[in-house]
Amino acid sequence: MWLAEPRNSNAPLAGLKVVELARVLAGPFCGQILADLGADVIKVESPEGDGTRLWGPPWVERTDAEGRVHREAAYYHACNRGKRSIIADFGDVDDLARVRGLCAEADVVIENFKTGSLAKFELDYASLAAANPGLVYCSITGFGQTGPRAHEAGYDFVAQGMSGLMSLTGEPEGHPVKMGISISDLATGVWAANGVQAALLMRARTGPMQGRGQQVDLSLLDCSVGLLANQATYLFTTGHNPPRMGNAHAQVAPYGVFAVSDGHVILAPANDGLFHKLMAVLELSHLVTDPRFAANGDRTANAKELDAEIAAATAGWTKQGLLDACHAAGVPAGPINRLDEVFADPQIVARGMRVELGGMAGVRSPFTFSDAELALDRPSPIHGEHG
């Protein structure tokens with residue numbers, strides 16, 4: 001019998017049993033979120049291991065209990081904290097039986113194989129649910145379990161392009177640009193963790209689904225389209241595609257990046273009151289009564305002229321001087337940090353967003369509870385460490 005390994009008993013998902021049949025980013029990121037929340041996540045890897053173990057540089061070297069040194073890519077550690085790792089060859093009858101046995105006792109299975117490809121191993125939802133009716137089975141694919149592209153492989157870059165995200169990113173006269181992070185993969189992992197927990201709550205409710213699990217169907221494309229939010233409603237409302245705005249905002253002005261004597265700052269006074277405060281800071285209060293800038297609609301229509309006035313004023317400030325003045329006046333403003341500056345920021349330090357486990361640093365899941373803690377007690381596993 002699989003007994004969930006004791007971890008932090010005050011973590012929200014303590015005692016939850018999760019089997020991860022996933023690799024690369026979206027599925028493992030979902031698994032890491034659940035692990036941070038206290039679930040016992042067993043990562044099932046092929047004899048070759050998760051491909052991200054080889055996605056370097058940079059590299060991390062660790063020594064196992066037998067003194068062997070393992071060299072793995074840092075990328076792998078971004079999405080596999082808190083798990084146990086076993087090796088299973090699906091072509092081996094005994095290994096396959098072992099994996100099915102784990103799934104028979106699991107609360108959750110996460111998989112990101114191509115649609116339909118696990119059926120031949122009897123690791124698909126229908127096969128596993130027959131033995132474990134309470135199983136919540138989360139499938140992550142490029143295009144979902146249905147539709148004309150259901151059987152195609154999916155990739156983050158392609159999903160960013162197909163979803164419209166890239167059409168909205170970049171300077172107006174430049175090329176469409178992908179995000180600097182794998183936003184489609186990462187967003188899918190977050191959506192998946194939400195979907196899994198919703199299905200678990202539904203299983204626990206009284207009613208016809210009590211005690212029953214279900215399949216949660218997530219696709220990179222759907223999850224990316226799901227981020228369009230106000231940009232989609234712009235299209236639905238006007239019938240026109242929203243423009244690519246660079247660092248500007250289509251509905252709010254001023255709102256963007258402005259040069260100072262030693263760099264750049266973000267200024268985001270998103271209502272009339274904040275605009276008035278910013279103008280006072282910049283000694284431009286005369287613009288408050290200028291009919292071109294009286295209300296947000298006026299400012300948006302005349303954003304280029306307003307931005308030019310502000311840029312001329314900010315050029316005489318230092319970055320820290322302007323930020324201090326804006327903060328004192330209650331004007332939303334901030335720096336554009338490099339990553340080393342992010343993790344040195346006193347606010348990020350105070351919130352404990354950097355965690356150290358087994359000599360490897362990572363970014364914790366950003367949950368803070370009043371009466372619970374995360375289970376940040378185990379680094380990413382060495383390949384087959386718990387086999």
Side-chain angles (χ1 to χ4, degrees), residues 5 18-36 39-92 95-96 98-99 102 108-114 117-118 121 123 138-142 153-157 159 180-186 188-190 192-193 220 339 354-365 375-387:
E5 188 170 75
V18 179
V19 174
E20 181 186 296
L21 308 177
R23 57 266 192 248
V24 188
L25 187 51
F29 195 62
C30 172
Q32 179 172 277
I33 293 169
L34 300 180
D36 276 3
D40 184 18
V41 180
I42 294 181
K43 182 180 181 71
V44 179
E45 299 190 65
S46 70
E48 297 75 31
D50 189 318
T52 59
R53 291 183 184 272
L54 303 176
W55 285 16
W59 303 97
V60 175
E61 289 191 351
R62 295 187 294 170
T63 304
D64 65 20
E66 283 74 42
R68 294 170 298 192
V69 176
H70 297 260
R71 185 173 185 258
E72 303 152 325
Y75 191 115
Y76 163 79
H77 295 275
C79 51
N80 286 289
R81 176 178 60 240
K83 306 172 187 179
R84 295 192 276 172
S85 169
I86 67 169
I87 296 172
D89 180 352
F90 288 180
D92 182 278
D95 280 7
L96 199 52
R98 184 183 180 202
V99 174
L102 285 172
V108 177
V109 167
I110 304 166
E111 63 91 5
N112 64 353
F113 284 74
K114 286 177 65 176
S117 62
L118 285 178
F121 303 111
L123 291 173
C138 180
S139 295
I140 295 173
T141 56
Y155 299 90
D156 175 89
F157 199 175
I181 58 173
S182 298
I183 188 64
S184 294
D185 273 331
L186 293 170
T188 301
V190 174
L220 298 187
L339 294 198
R354 173 178 169 142
V355 294
E356 298 270 355
L357 293 169
M360 181 68 199
V363 182
R364 75 168 177 86
S365 294
L376 300 172
D377 56 354
R378 184 190 297 142
S380 305
I382 292 170
H383 184 210
E385 180 178 351
H386 305 94

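Just so you know, these numbers use all the heavy atoms, side chains as well, and skip hydrogens, waters and symmetry mates. Because the structure is a prediction, the values reported are computed rather than measured.
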Student: Got a donor-acceptor contact below 3.5 angstrom from the Glu111 side chain to the Phe113 backbone?
Tutor: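 Pair found, side chain donor or acceptor close to backbone of Phe113.
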Student: How long is the span from the CG atom in Leu96 to the CG atom in Asp89, to the nearest 0.5 Å?
Tutor: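 CG of Asp89 is found 9.0 Å from CG of Leu96.
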Student: Measure from the side-chain N and O atoms of Asp156 to the backbone N and O of Ser184, and report whether any donor-acceptor pair falls under 3.5 Å.
Tutor: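 Judged by distance alone, yes, a pair lies under 3.5 Å.
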Student: Ignoring hydrogens and angles, tell me if any N or O in the side chain of Lys43 forms a donor-acceptor pair with the backbone of Ile87 under 3.5 Å.
Tutor: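 Not a single qualifying donor-acceptor pair exists.
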Student: Let me confirm one number: the CZ-CD1 distance from Arg364 to Ile33, rounded to the nearest 0.5 Å.
Tutor: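 The CZ atom of Arg364 sits 12.5 Å away from the CD1 atom of Ile33.
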Student: Nearest 0.5 Å, what's the CG-OG distance between Leu34 and Ser365?
Tutor: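 Answer for the CG-OG pair, Leu34 versus Ser365, is 9.0 Å.
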Student: Taking atom OG of Ser85 and atom CD1 of Ile382, what is their separation to the nearest 0.5 Å?
Tutor: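 If we round to the nearest 0.5 Å, Ser85:OG and Ile382:CD1 are 9.5 Å apart.
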Student: Between Asp95 (side chain only) and Ala88 (backbone N and O only), is there a donor and an acceptor less than 3.5 Å apart?
Tutor: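 It does not hold such a pair.
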Student: Going by heavy atoms in the side chains, are Asp377 and Leu357 under 4.5 Å from each other?
Tutor: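 The answer is no; the side chains never approach within 4.5 Å.
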Student: Just do the side-chain contact (heavy atoms from CB on, under 4.5 Å) check on Leu123 and Val109 with the steps written out, would you?
Tutor: CA-CA 10 Å; Leu123 291 173; Val109 167; over 6 Å; no
Student: Could you check if a side-chain atom of Leu220 sits within less than 4.5 angstrom of a side-chain atom of Thr141, using non-hydrogen atoms only?
Tutor: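 Sidechains of Thr141 and Leu220: no contact.
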Student: Do Val19 and Val108 touch side chain to side chain, with heavy atoms closer than 4.5 Å?
Tutor: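 The answer is no; the side chains never approach within 4.5 Å.
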Student: Show every ring-ring contact (aromatic ring centres under 6.0 Å, His included) that has at least one partner inside residues 58-86, sequence neighbours left out.
Tutor: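 As it turns out, the ring-ring contact (aromatic ring centres under 6.0 Å, His included) pairs with a partner in residues 58-86, which skip direct neighbours, are Trp55-Tyr75.
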Student: Could you walk me through whether Ile42 and Val18 pass side-chain contact (heavy atoms from CB on, under 4.5 Å), step by step?
Tutor: CA-CA 6 Å; Ile42 294 181; Val18 179; over 6 Å; no
Student: Can a donor-acceptor pair be found, under 3.5 Å and without considering hydrogens, that links the side chain of Asn80 to the backbone of Pro381?
Tutor: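 Answer holds: no.
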Student: Verify the neighbour count for atom OH of Tyr155: are there more than 12 heavy atoms of other residues, nucleotides or ligands below 6.0 Å?
Tutor: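 Not buried by this count: 12 neighbours or fewer within 6.0 Å.
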Student: Is a side-chain donor or acceptor of Asp50 paired with a backbone partner of Arg53 at a separation under 3.5 angstrom?
Tutor: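 Such a contact is absent between Asp50 side chain and Arg53 backbone.
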Student: Do Phe29 and Thr188 have side chains that get closer than 4.5 Å, going by heavy atoms?
Tutor: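 Side chain of Phe29 against side chain of Thr188, heavy atoms only: no contact under 4.5 Å found.
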Student: Among Leu376, Val355, Val41, find the one that has a side-chain contact (heavy atoms from CB on, under 4.5 Å) with Asp36.
Tutor: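 One option only clears the test, and that one is Leu376.
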Student: Should Ile110 and Asn112 count as side-chain neighbours, where that means a heavy-atom distance under 4.5 Å?
Tutor: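 Sidechains of Asn112 and Ile110: no contact.
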Student: So, are Asp40 and Arg84 salt-bridged, with charged N and O less than 4.0 Å apart?
Tutor: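 A salt bridge links Asp40 with Arg84.
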Student: Within the side chain of Asp185, is there an N or O that forms a donor-acceptor pair under 3.5 Å with the backbone of Leu25?
Tutor: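 Pair absent, no side-chain N/O of Asp185 close to backbone of Leu25.
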Student: Measure the CZ-CE distance between Arg81 and Met360 for me, rounded to the nearest 0.5 Å.
Tutor: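 Those atoms lie 10.0 Å apart.
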Student: Are Asp64 and Val69 close enough that some pair of their side-chain heavy atoms sits under 4.5 Å apart?
Tutor: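 No, their side chains stay 4.5 Å or more apart.
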Student: Quick one: list whatever passes side chain to side chain donor-acceptor pair (under 3.5 Å) with Glu385, sequence neighbours left out.
Tutor: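 If we apply the side chain to side chain donor-acceptor pair (under 3.5 Å) test to Glu385, skipping adjacent residues, there are no hits.
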Student: State plainly whether the residues Arg23 and Glu45 are in salt-bridge range, i.e. N to O under 4.0 Å.
Tutor: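 A salt bridge is absent here (no side-chain N lies under 4.0 Å from a carboxylate O).
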Student: Shortest non-hydrogen contact from Ala361 to Glu356?
Tutor: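 Looks like CB-OE2, 3.7 Å.
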Student: Search all heavy atoms of Lys83 against all heavy atoms of Pro28 and return the closest pair with its distance.
Tutor: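 The answer is NZ-O, 2.9 Å.
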Student: I'd like to know if the side chain of Arg62 reaches the main chain of Gly358, judged simply by a donor and an acceptor atom lying under 3.5 Å from each other, with no hydrogens or angles considered.
Tutor: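 No, the answer is negative, given that no donor and acceptor are paired below the 3.5 Å cut-off.
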Student: What is the minimum heavy-atom distance between Cys30 and Ala192, and which atoms define it?
Tutor: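 Where Cys30 meets Ala192 most closely, the heavy atoms are SG-CB, 3.7 Å.
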Student: Does Glu48 form a side-chain contact (heavy atoms from CB on, under 4.5 Å) with Leu54? I'd like the steps, not just the answer.
Tutor: CA-CA 10 Å; Glu48 297 75 31; Leu54 303 176; over 6 Å; no
